[in-house]
Amino acid sequence: MKQRLSKAFPSLLVYMRAIRERYLTPTPSLSPINQRRLETFRQNKRAKYSLLLFLALFIFSLFAEFIANDKPLMVGFEGKLYMPVVSSYPETTFNGDFDTEADYADPYVTNLIEENGWILWPFVPYSYNTHVSDLTTPAPSPPTAKNWLGTDDQARDVFSRVIYGFRISILFALTLTIGSCVVGVFVGSLQGYYGGYVDLIGQRFLEVWGGLPVLFLLIIMANIVTPNFWWLLGIMLLFNWTSLVDVVRAEFLRGRNLEYVRAARALGVEHGTIMRRHILPNAMVATITLVPFLLTGAITTLTSLDFLGFGMPPGSPSLGELVQQGKSNLHAPWLALSAFSVLAIMLTLLVFIGEGVRDAFDPRLVTEA
C-alpha cells in the first residue's frame, strides 16, 4: 500500500513526512544542527570572549546616567530621600531661594543639603554636557585624577562623553540593523518566492536605488532639516536594507523548487505559511552571519556623519565629534587617542564576533568532539 501511494503521490508523502518530523516528533530545546553551531562558536575563543566583552561594555553604557552624571544618585535631606538622577527637584526643596531645578554642582546648594543631610554622587560626577569649571589649565586640559581622559575644547569631560557616545552608537547601529533585516528579508523573500515580474521589477528598482549616493543625500538633507537620532535612522534605513535582499532572494529562489515546498503548494497551503515556516529558516542563516558586519557599517557611517558635522545635533555625545575635536586640537593628543581607542575596540570586537558567527553557520566546519 505504501509503495502504491509513493508512486501515485510522491510529493504528498514527502510533505506528510516533513510535517511528522517537524510537529509530531519530540525535539529538544535546540536542534542538533543549532547545538553544533553553538558549540562551534564556543570553541572559537576569540569570538566567545569578544562577545562577552562587548556585552559587558554595552550593559555598562546602558547605565550611563548612574555612572557619569552631574546629578546625585540619591540625596537624604531632613529625613527624606530624593533621587535627582531620576526626578528633578526645585532648589526650594532643599531650603533654597529659587523654584528652578537645583544645580547640585553649585557649592551653595551642596552646603544647604549637607547641613541637614547627605549626598551620594555617581562614580563620575560629570555628564556628557557638563562644563567643568575648576580646571587648572585651559581647555582642552590633559587627563587628571578628576578627568581621567581629560577635557575637550569646551571643557567637557571626555570619559563621560565616551560612555554616552558608545551607547548612542550601539543603539543606533542595533536599531538600524534590525530595521534593515526586517525590510531586506521581506523584500528579498517576495522576489525570490514569486519570481517572474515581481523579481524582474524588484531587481531593476534595486539597481537604481542602490546606485544613489547615500552620503551626499544625507549631507543635502542635513541642510534642509535639523538632523537628530530618529531622522538619521529613518534616512539611513531607506538605503541600508538593500544589502540583504540579494542573499535572501537567492535562498528563496533555491528553496521554492524543493520537493516539500512544491508539495505544500499542491496541498493548498497558503504562500505566507510556506514562506514563513519552510523557506525563511534557511534564509535566516545567511542573514544572521551578516548582522555583525551590518553593525560595524552602521557605526562607521554615523561616526563619519558626525565627523563631517552632518550627524547628531551639536552638543550630543558623539564619537565622530570627538574625532573631529582630535583633528582640530593636535596639541591635545588625548582627544584623538580616546576616540581612536574606543572605535578600534568596538569595531574589532564586532568583527571578531561576526567571524565566529560566520564559522558557526558554515556547514563545512565540523565541531570536534
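L290 and V183 fall into different hydrophobic clusters, where Ile, Leu, Val, Met, Phe, Trp and Tyr are joined by side-chain heavy atoms under 4.5 Å apart, directly or via other members. A continuous path of ILVMFWY side-chain contacts below 4.5 Å connects I168 to I59, so both sit in one hydrophobic cluster.
With values rounded to the nearest 0.5 angstrom, Y104 atom OH is found 8.5 Å from W121 atom CH2. Remark: D70 CG to N129 CG distance equals 6.5 Å, nearest 0.5 Å. Here the straight-line distance linking atom CG of L343 with atom CD1 of I299 works out to 8.5 Å at 0.5 Å rounding. The CG atom of D246 sits 5.5 Å away from atom CD of Q203, with the distance rounded to the nearest 0.5 Å. I345 contributes atom CD1, which lies 9.0 Å from atom CZ of F166 (distance to the nearest 0.5 angstrom). Of the inter-residue distances, the one linking S169 atom OG with L319 atom CG reads 4.0 Å to the nearest 0.5 angstrom.
N329 contributes no side-chain N or O that, together with a main-chain N or O of A332, makes up a donor-acceptor pair within less than 3.5 Å.
Under 3.5 Å, the side chains of E321 and Q325 contain a donor-acceptor pair of N or O atoms. Under 3.5 Å, the side chains of E114 and T110 contain no donor-acceptor pair of N or O atoms. Between the side chains of E115 and N95, no donor-acceptor pair is found at a separation under 3.5 Å. Using a 3.5 Å distance cut-off with no hydrogens or angles, the side chains of S127 and S160 do not pair a donor with an acceptor.
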Derivation of the side chain to side chain contact (heavy atoms under 4.5 Å, CB included) call for L135 and T151
CA-CA 9 Å; L135 297 176; T151 61; 3.9 Å; yes
Please step through salt bridge (Lys or Arg N to Asp or Glu O under 4.0 Å) for the pair E259 and R262, ending with a clear verdict.
CA-CA 5 Å; E259 289 189 5; R262 296 168 61 185; over 6 Å; no
Going through the checks in order, is the side chain to side chain contact (heavy atoms under 4.5 Å, CB included) test met by R256 and R265?
CA-CA 10 Å; R256 69 174 185 168; R265 281 206 211 98; 3.4 Å; yes
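For K71 and E65, the salt-bridge test fails: no basic side-chain N is under 4.0 Å from an acidic carboxylate O. R254 and E251 are joined by a salt bridge, as a carboxylate oxygen and a charged side-chain nitrogen come within less than 4.0 angstrom of each other. Checked for salt-bridge contact, E207 and R204 meet the test: a charged N lies under 4.0 Å from a carboxylate O.
Ring pair F229/F172: centre-to-centre distance below 6.0 Å. Between F123 and F66, the ring center distance fails the sub-6.0 Å criterion.
Counting heavy atoms from C-beta outward, L51 and F352 have side chains that stay 4.5 Å or more apart. Contact check for C181 versus T287: side-chain heavy atoms found under the 4.5 Å cut-off. In this structure the side chain of D359 reaches within 4.5 angstrom of the side chain of N44, judged on heavy atoms.
Tested against Y164 for a ring pair (Phe, Tyr, Trp, His ring centres under 6.0 Å), the candidates F63, F159, Y128 yield a single pass: Y128. Here the options are L176, N240, L171, the test is side-chain contact (heavy atoms from CB on, under 4.5 Å), and the partner is L233; only L176 passes.
Sorted by first and then second residue, the pairs that involve residues 171-200 and meet salt bridge (charged side-chain N to carboxylate O under 4.0 Å, His left out), not counting sequence neighbours, are D199-R249.
Under the ring-ring contact (aromatic ring centres under 6.0 Å, His included) criterion, F293 pairs with no residue at all, not counting sequence neighbours.
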